[in-house]
Amino acid sequence: DTAVSQTPKYLVTQMGNDKSIKCEQNLGHDTMYWYKQDSKKFLKIMFSYNNKELIINETVPNRFSPKSPDKAHLNLHINSLELGDSAVYFCASSQSIGELFFGEGSRLTVL
Amino acid sequence: EDQVTQSPEALRLQEGESSSLNCSYTVSGLRGLFWYRQDPGKGPEFLFTLYSAGEEKEKERLKATLTKKESFLHITAPKPEDSATYLCAVRSNMEYGNKLVFGAGTILRVKS
């Protein structure tokens with residue numbers, strides 16, 4: 001049973017489209033995250049939610065909007081996709097300030 | 001600004017050839033240094049957390065150590081299945097929440 005699962009695993013779309021990535025964790029953790037891994041393999045935090053409250057919001061374009069309906073789910077919606085948005089997006093969860101558990105990633109390709 | 005630099009970028013070892021990966025960091029008050037392993041097409045997998053200089057942790061063929069400026073991941077008698085990218089990350093006292101700053105990673109290839 002997957003601890004942190006994200007869908008879809010692969011996403012190919014045209015510039016200007018809107019897309020969403022969904023994430024669910026069954027670990028009972030209270031904090032969830034979105035990280036972006038670019039072509040140089042750097043993992044950078046985008047957002048973090050603790051019990052549905054946004055607590056980390058890095059310098060990310062307004063086109064990216066996270067939404068946490070409950071503490072087990074964190075979705076990422078991206079409007080007006082650009083070429084530079086192509087990357088692997090990882091969802092993660094933790095119990096407060098404990099170690100992060102990552103999903104398998106969603107590879108987004110914008111054409 | 002918190003910064004993590006990992007070296008080397010890539011490392012090729014023969015099976016059984018021990019070596020070390022380096023993680024140098026600059027952080028405003030360290031509140032944890034983390035090592036992760038990432039296999040191709042997968043998410044990072046947690047290995048260790050170190051909190052203070054002098055601390056060491058071990059898991060199978062891996063041993064992580066920490067000083068005030070850097071951390072080492074020692075790999076003893078590696079096997080091909082140890083091939084992966086190893087990521088280092090730090091958490092700062094100055095950052096709210098559980099924000100980790102990652103290095104670019106070291107790609108390890110172990111040949112049999």
Side-chain angles (χ1 to χ4, degrees), chain A residues 2-10 21 23-25 27 29-60 66 68 74 87-107, chain B residues 1-11 21 23 25 27 29-51 55 57 59 62 64 71 84-109:
Chain A
T2 307
V4 180
S5 58
Q6 9 180 156
T7 55
K9 191 172 174 65
Y10 299 98
I21 306 171
C23 179
E24 176 182 3
Q25 56 97 2
L27 297 168
H29 290 163
D30 58 8
T31 307
M32 295 185 73
Y33 313 79
W34 279 112
Y35 273 80
K36 179 180 179 181
Q37 190 170 44
D38 61 24
S39 56
K40 295 183 179 179
K41 303 298 184 184
F42 269 105
L43 263 171
K44 291 193 71 174
I45 192 166
M46 300 173 70
F47 304 102
S48 174
Y49 272 78
N50 178 268
N51 280 321
K52 301 193 296 175
E53 179 188 351
L54 181 65
I55 57 170
I56 296 176
N57 185 355
E58 289 293 290
T59 309
V60 175
S68 180
L74 180 62
V88 182
Y89 293 85
F90 285 99
C91 177
S93 72
S94 73
Q95 187 57 37
S96 297
I97 61 168
E99 59 266 21
L100 272 61
F101 290 80
F102 285 85
E104 297 217 327
S106 297
R107 180 176 292 277
Chain B
E1 187 179 323
D2 302 336
Q3 206 162 6
V4 177
T5 304
Q6 293 188 243
S7 61
E9 287 187 19
L11 182 62
L21 313 183
C23 170
Y25 63 89
V27 66
L30 183 69
R31 195 162 61 110
L33 183 139
F34 301 80
W35 282 99
Y36 282 83
R37 168 193 171 127
Q38 186 174 22
D39 292 301
K42 303 286 186 182
E45 177 188 343
F46 171 75
L47 293 173
F48 305 108
T49 309
L50 301 167
Y51 291 101
E55 190 175 357
K57 288 199 176 164
K59 180 180 179 180
L62 301 177
S71 176
T85 297
Y86 290 85
L87 300 169
C88 174
V90 296
R91 183 172 62 206
S92 162
N93 274 331
M94 303 300 290
E95 293 284 351
Y96 179 71
N98 198 17
K99 175 184 172 182
L100 298 190
V101 175
F102 282 83
T106 293
I107 302 171
L108 175 66
R109 291 288 176 260

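By convention in this document, chain letters (A, B, ...) are assigned in the order of the sequence lines, proteins followed by strands, and residues within each chain are numbered from 1. Quick note: numbers below take in every heavy atom, side chains included, and nothing from hydrogens, waters or symmetry partners. Fair warning: this is a prediction, and the values are worked out from it, not measured in the lab.
Of all non-hydrogen atoms in B:Y36 and A:E99, the two that sit nearest each other are OH-C, 4.0 Å.
Contacts of B:L100 with chain A are made by both backbone and side-chain atoms, with heavy-atom separations under 4.5 Å. In this structure, chain A has a heavy atom under 4.5 Å from the side chain of B:Q38, while its backbone stays farther away. For A:S94, the part lying under 4.5 angstrom from a heavy atom of chain B is the side chain only. Only the side chain of A:Q37 comes within contact range of chain B, judged by heavy atoms closer than 4.5 Å. Residue A:K44: no heavy atom, backbone or side chain, is found under 4.5 Å from chain B. For A:L43, the parts lying near chain B are the backbone and the side chain together; criterion is any non-hydrogen pair under 4.5 Å.
Between chain A and the residues B:K99, B:R31, B:E45, the largest count of heavy-atom pairs under 4.5 Å involves B:K99.
The CD1 atom of A:I55 lies 7.5 Å from the CG atom of B:N98; values are rounded to the nearest 0.5 Å. If you take NZ on A:K41 and CD1 on B:I107, they are separated by 7.5 Å, rounding to the nearest 0.5 Å.
Annotation: ring pair (Phe, Tyr, Trp, His ring centres under 6.0 Å) contacts of A:Y35 (sequence neighbours excluded): A:F102, B:F102.
Taking a 6.0 Å sphere around CD of A:E58, one finds it holds more than 12 heavy atoms contributed by other residues, nucleotides or ligands.
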